[in-house]
Every structure is written in structure tokens, then in C-alpha cells.
Peer 1: 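Structure provided below as C-alpha cells; questions to follow.
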Amino acid sequence: MKQQIGFTAPHYAASQVGQNILQRGGTAIEAMVAAAASIAVEYPHMNGLGGDGFWLISEPGKTPVTIDAAGVAAKQATPEFYAGMEAIPSRGGKAALTMAGAVSGWQKALDISHRWQSGIPLTELLDTAISQANWGIEVTQSLSDASIKTFDELGAQDAFSPFLIKGKALKKGKILKLQTLSASLQRLAETGLDDFYRGDLATMLAKDLADAGSPITLSDFHDYQARAGEPLQVTTGAGTLFNLGAPTQGVASLLILALYDRVKHLGTSDADMVHLLIECTKQAFIARNQRVTDPGRLSGRLSALLDEDSLDAMTAHIAIDKAQPWPHVAKPGDTIWMGACDAKGRMVSYIQSLYWEFGSGIVSPSTGIVWNNRGTSFSLDPADLQALEPGRAPFHTLNPAFAELSDGRRMSYGTMGGEGQPQTQAAIFVRHIYHNQPLEKAITLGRWLLGRTWGDQSHNLKVERDLAEYVGDALRERGHDMVVVDPCNELMGHAGAVVRHPDGAVEAATDPRSDGKAFFESISNVEGR
């Protein structure tokens, strides 16, 4: 019997790894863990073992489950630790103040997978990533650009030398070997993922972080566990949409589409669609910034933002002929998103990140692992919604999206891109689901971004030239503060999607703005898995 599978990732090597696991009869989770390890090697500027992750996992006929693998502030990461500073540094040891949750998330996901069926050994899930790091990766344009951009800031640090070639910034096409990282992956494969938190790897990481001036200690490693939970959800005319709750901006992703579902009848053109989605984004971001924080600090039910009365109030601020003013401070971020569907229709939407390019810039000399700087999202103002406090999670732009559609299709979709993540998710969803554009075209077409994304400091509306050529005048006439950027621009993120149809057919697509690849194919039923 033939069954269909699919996988998409923003780097072709990671996508191939995921697809290989699916071809062997592995689960969508096993494929994702293998690809997550691979892309941590292939795209080290955007994600890694020293970062965080969020999962949305769906079995047919069941409510999706989530895994929150976001690190929390170290016990010693107090305002007093940063005394005399106006803000938490963005680079260096003091920027490395939150635990890395990604590897714990891998284990939590595999625990679910092992309840589905007997598992592929961890040594086999990680073997490709181990080889990639050992024998070397080809530097992509994206990695080269990030290396050049951060060289003046990070290049002089001895510990950062593994991410340079002969002391110089990386150039496209060169081969970069990450053999210390390979050894760390080999250790995890042999001893188990928990070694990252409660074994020799944890001890090495804790020492290296302390030597770099980080407040993280070994006890922070010992105490950490990723958390399984339930997603936020909202039902629209198109179906039921799912995303992560606090501390992510998942609620903003849901709000944009829930609001668009209410106002889409006002539009008749592409310019109308873009305008309305931008206005929905403004309302969603205002609500997000007022409410989203560490789950333990939430003032009431976050899902209340998705209630009818709340949506009615936001809809009242959206007009078809006028743009609302936008004096808004954006949330940056640097990330990868990947999606999978296995032969039994189980699907995963997964996102993994270091925050900024190369995170804190701290590379553990004994492990080759780059540590995140997600803790720079905290504020040193005790009255701030994001006030620094040990054990709290910082705000996350990360949010993997999933939808169960009214016509029986199921869709895993997402992107990197900080503030742009929920906007790009909405663009893809609206184009493909509401306007029936083919999946690949919905991702490829020109996009827009309100606010700041990774590598950018401006807060206006950025529109790719190929889209601006036919909607730009209409947007300016409505009052949008718009600038035109080059087409197929990495500023717009690296998007992808996997869709499973009611008859079991699967399709997947990836973004030409990335180095990615999407696979979908039929395979013979694999016995015993």
C-alpha cells in the first residue's frame, strides 16, 4: 500500500535528512529531531543546541499537543547581577542568561513518538548531523552574510574562532568544519539527550559559560525540563487554527487570521488583501504587547484575546480605506521553521532559534555549542511586563502554526523572521486557503513586513518590489509608511508549509528566499514501524 509523506526545511540538507527518516517509516517527530540536529549544524547562525524550540504535534482525529522548550533565566540572573547597566547586553557572557531548551524539547517529543511506535535509535537519528559537522558544511550565502555582519562584533573573541576560517569571516562556498560540535552530538547519540542537562556535557557547558561571565550554573542545567501542554486555538470560517501560548507571540498569529476572517469581505483586490492583513497585524501586535509575558505573570486568560467580544473590539479599528498610525517598537529574532508529515498522517510544526545571529556569540570551547541570547528580551525595569527575574521565560517571537481546515485538510506552516513570523504565516494561509493559490506560489509571491525583522532596525512597512509594483500606490494612498525592498528578500523570512489532504495526499513547499527544499512522495507501507 502506498502512503504519502512530506518534509520542508529552510536548508536542503536538513530537509533531506528528515525525508530519509520518513522513508524508513520513522515518525514525523523522529524526522524532525534528525532534521533539527542537522540544521543546527548547517545553519549555525540561526539555531543550535544552545537555543530554544517550540513544537506543535498533531495526530489525525486528536487535538494537537505542544512542547514548550524555551529556557528560563538562571538563578543568578538577577537585576543585581546587571547592576550599573541600563540594559542587558546583547552579546557576551552576560547575554547568555537563559537555559537552552531545544535538546530537552527533542527528548520530550521523542517520548511522544515512542508511544506511537518503536523508535529509530538516537544514534541513527543523529548520525547525519554528526557527519555533517565532522566533515564540514558548505557555507551558504545566508551564513556568509551573517558572518560578515557580525565579524567586527564577534570575530576578535578567541572562542568564536570555530565560526571563522583562518580568522576571517566566512565566504560562500567555503567548507566549515565543526568537529568539536560533532563530538558533542556523538556524545548525545551514545549517552542520551539528557546528558546535555544532567551529564558530562552539562558539566562542560556550565564551566565554559561561567568562564565567559554567564550567570548560568550547573544547577540551572539540572533543573530544566521542557514542558508539554495544550495549544491556543481559534475557529474561523476556514477551520480551527492552533499555535503556542505565552511566552510566544502565537496569539498574534491567531489574532491576525481571526480578524481577517471578519473583515475579508471588505476587500476585492490584492491591495485590499494586503492592507487588511496589515491592519489586522497592528491590532494583533498591540494586544500581544499588552499581554504576552512569562506564563506565570499573565493577567488572566490569554485565550480571552480570541473571544468574540475581544475580536469585535479590535475589528472596529480596521478600515478598508485608511491605515492606522503605527508608532510601534518591534520584536527582533532569528530562527528556523520546519514541517513534517509521516505515512500515518501525523504532522509536526517546529521552530528552533538562537535569537540573534550566532546568539550571544559565546561558543563553548569544550563542546562547540553556541549559546543563545534570548534573555536580552528581558527588561531591567522592575515595573516592565518583561522584567528580569530568575526562573522566568523571556518573550519569544517563535511560534509554529498548524490548522485543521473545514474541508478536511491539515496544514503545518511557519517561518523564521522575528516580527515577520505571524505576518508571513497569515500571508501564506490567506493566499492558499482563502484565495486558492497553489501552495508554492503562496509562499513565493512578493511579501511585506510591518516592523522590524532580523538584521533590520526600521519599524515601517517594507514591501518587496514585485508586490509593490501592483499594490504600492494603493497602500500609500491609504497612509501606509512604506518602503520598497528587493524582491525575494531574506528580510521576509524563510517560510514553508506541509499540507495533508483528506485522501492522504501530501504536498509541501519551501521558500526561494532560503536554501531550503521540500519533499513529498509516496512510499510503500513499512512493516514493523
Side-chain angles (χ1 to χ4, degrees), residues 1-9 15 18-19 22 27-29 31-32 55-66 116 231-244 250 253-262 264 273 277 306 337-351 399-415 421-422 424-445 495-511 516 518-523:
M1 177 182 177
K2 293 288 187 180
Q3 299 167 316
Q4 291 211 309
I5 57 175
F7 199 96
T8 184
S15 194
Q19 191 72 353
L22 293 175
T27 69
I29 289 173
M32 192 58 69
W55 295 74
L56 253 173
I57 301 168
S58 170
E59 287 186 82
K62 297 183 180 180
T63 300
V65 297
T66 66
W116 293 345
L232 284 178
Q233 63 183 78
V234 65
T235 298
T236 70
T240 302
L241 315 179
F242 301 90
N243 213 302
L244 272 288
S253 177
L254 298 178
L255 281 169
I256 293 169
L257 287 170
L259 292 169
Y260 184 79
D261 194 64
R262 287 165 168 253
K264 67 181 187 299
M273 177 198 74
L277 280 171
L306 299 164
W337 175 89
M338 300 186 289
C341 179
D342 66 27
K344 295 187 178 179
R346 298 168 298 213
M347 300 182 72
V348 169
S349 181
Y350 178 60
I351 200 159
N399 69 105
F402 185 80
E404 294 181 350
L405 303 171
S406 303
D407 60 11
R409 284 179 293 173
R410 295 161 60 233
M411 181 175 177
S412 172
Y413 61 109
T415 181
Q421 286 184 36
T424 293
Q425 289 172 5
I428 293 168
F429 188 90
V430 166
R431 284 170 167 168
H432 184 56
I433 302 304
Y434 285 109
H435 300 296
N436 300 311
Q437 292 176 341
L439 189 61
E440 185 172 355
K441 184 177 181 181
I443 293 171
T444 301
L445 285 173
V498 179
V499 176
R500 189 174 195 266
H501 295 262
D503 63 359
V506 173
E507 58 179 319
T510 196
D511 202 326
F519 293 91
F520 55 99
E521 61 179 317
S522 296
I523 61 170

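This one's a predicted model, so the numbers in the text were calculated from it and none came from an experiment. Computed from heavy atoms alone, side chains included, the values below leave out hydrogens, waters and symmetry copies.
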Peer 1: For residues Thr8 and Trp337, is any side-chain donor paired with an opposing acceptor at under 3.5 Å?
Peer 2: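 Distance-only check fails for Thr8 and Trp337.
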Peer 1: What are the two closest non-hydrogen atoms of Arg500 and Ala343, and how far apart are they?
Peer 2: NH2-O, 4.4 Å
Peer 1: For Asn243 and Gln233, test the side chains for any donor-to-acceptor distance below 3.5 angstrom and give the result as yes or no.
Peer 2: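 Checked: Asn243/Gln233 side chains show no N/O donor-acceptor pair below 3.5 Å.
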Peer 1: How far apart are the closest heavy atoms of Leu277 and Ala427, and which atoms are they?
Peer 2: CD1-CA, 4.4 Å
Peer 1: Only counting residues at least two apart or in another chain, list the ones meeting ring pair (Phe, Tyr, Trp, His ring centres under 6.0 Å) with Phe7.
Peer 2: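 Checked Phe7 against ring pair (Phe, Tyr, Trp, His ring centres under 6.0 Å); zero matches.
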Peer 1: Of all residues at least two apart in sequence or in a different chain, which pass the salt bridge (Lys or Arg N to Asp or Glu O under 4.0 Å) check with Arg410?
Peer 2: none
Peer 1: Can you give me the closest heavy-atom contact between Val506 and Phe520, atom names plus distance?
Peer 2: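 Here Val506 and Phe520 meet closest at O-CD1, 3.1 Å.
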Peer 1: By salt bridge (Lys or Arg N to Asp or Glu O under 4.0 Å), which residues pair with Arg409, not counting sequence neighbours?
Peer 2: Asp407
Peer 1: Test your reading of the model: is there a side-chain donor-acceptor pair from Gln19 to the backbone of Ala518, 3.5 Å cut-off?
Peer 2: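 Here the side-chain-to-backbone pair does not exist.
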Peer 1: So which atom in Leu22 and which in Gly6 form the shortest heavy-atom distance, rounded to 0.1 Å?
Peer 2: CD1-O, 3.4 Å
Peer 1: Phe402: what forms a ring pair (Phe, Tyr, Trp, His ring centres under 6.0 Å) with it, not counting sequence neighbours?
Peer 2: none
Peer 1: List for me each residue that meets ring pair (Phe, Tyr, Trp, His ring centres under 6.0 Å) alongside Phe242, sequence neighbours excluded, and say none if there are none.
Peer 2: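 Applying ring pair (Phe, Tyr, Trp, His ring centres under 6.0 Å) to Phe242 gives none.
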Peer 1: Apply side-chain contact (heavy atoms from CB on, under 4.5 Å) to Ser522 and list each qualifying residue two or more places apart in sequence or on a separate chain.
Peer 2: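 For Ser522, the residues satisfying side-chain contact (heavy atoms from CB on, under 4.5 Å) (neighbours in sequence not counted) are Lys2, Gln4.
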Peer 1: Measure up the His435 and Tyr260 rings against each other and bin them: parallel (under 30°), tilted (30 to 60°), perpendicular (over 60°).
Peer 2: perpendicular
Peer 1: How close do Leu56 and Pro64 get, counting heavy atoms only, and between which atoms?
Peer 2: CD2-CB, 3.9 Å
Peer 1: Taking only residues two or more places apart in sequence, or in another chain, which ones meet Glu59 in a salt bridge (Lys or Arg N to Asp or Glu O under 4.0 Å)?
Peer 2: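 Scan of Glu59 (salt bridge (Lys or Arg N to Asp or Glu O under 4.0 Å), adjacent residues dropped) gives Lys62.
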Peer 1: Can you list everything that forms a side-chain hydrogen bond (donor to acceptor under 3.5 Å, both in side chains) with Glu440? Sequence neighbours excluded, please.
Peer 2: none
Peer 1: According to side-chain hydrogen bond (donor to acceptor under 3.5 Å, both in side chains), who are the partners of Thr63, at least two apart in sequence or on a separate chain?
Peer 2: none
Peer 1: Holding to side-chain contact (heavy atoms from CB on, under 4.5 Å), I want the full list of residues that pass it with Asn436, two or more places apart in sequence or in another chain.
Peer 2: none
Peer 1: Hey, does Arg346 have a side-chain heavy atom less than 4.5 Å from the side chain of Ile57?
Peer 2: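 Result no, sub-4.5 Å side-chain heavy-atom pair not found.
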Peer 1: Who pairs with Ala497 by side-chain contact (heavy atoms from CB on, under 4.5 Å), at least two apart in sequence or on another chain?
Peer 2: Met411, Tyr413, Leu439, Ile443
Peer 1: The criterion is side-chain contact (heavy atoms from CB on, under 4.5 Å); which residues satisfy it with Thr424, sequence neighbours excluded?
Peer 2: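 side-chain contact (heavy atoms from CB on, under 4.5 Å) list for Thr424, sorted by chain: Thr415, Ile428, Arg447, Ala495.
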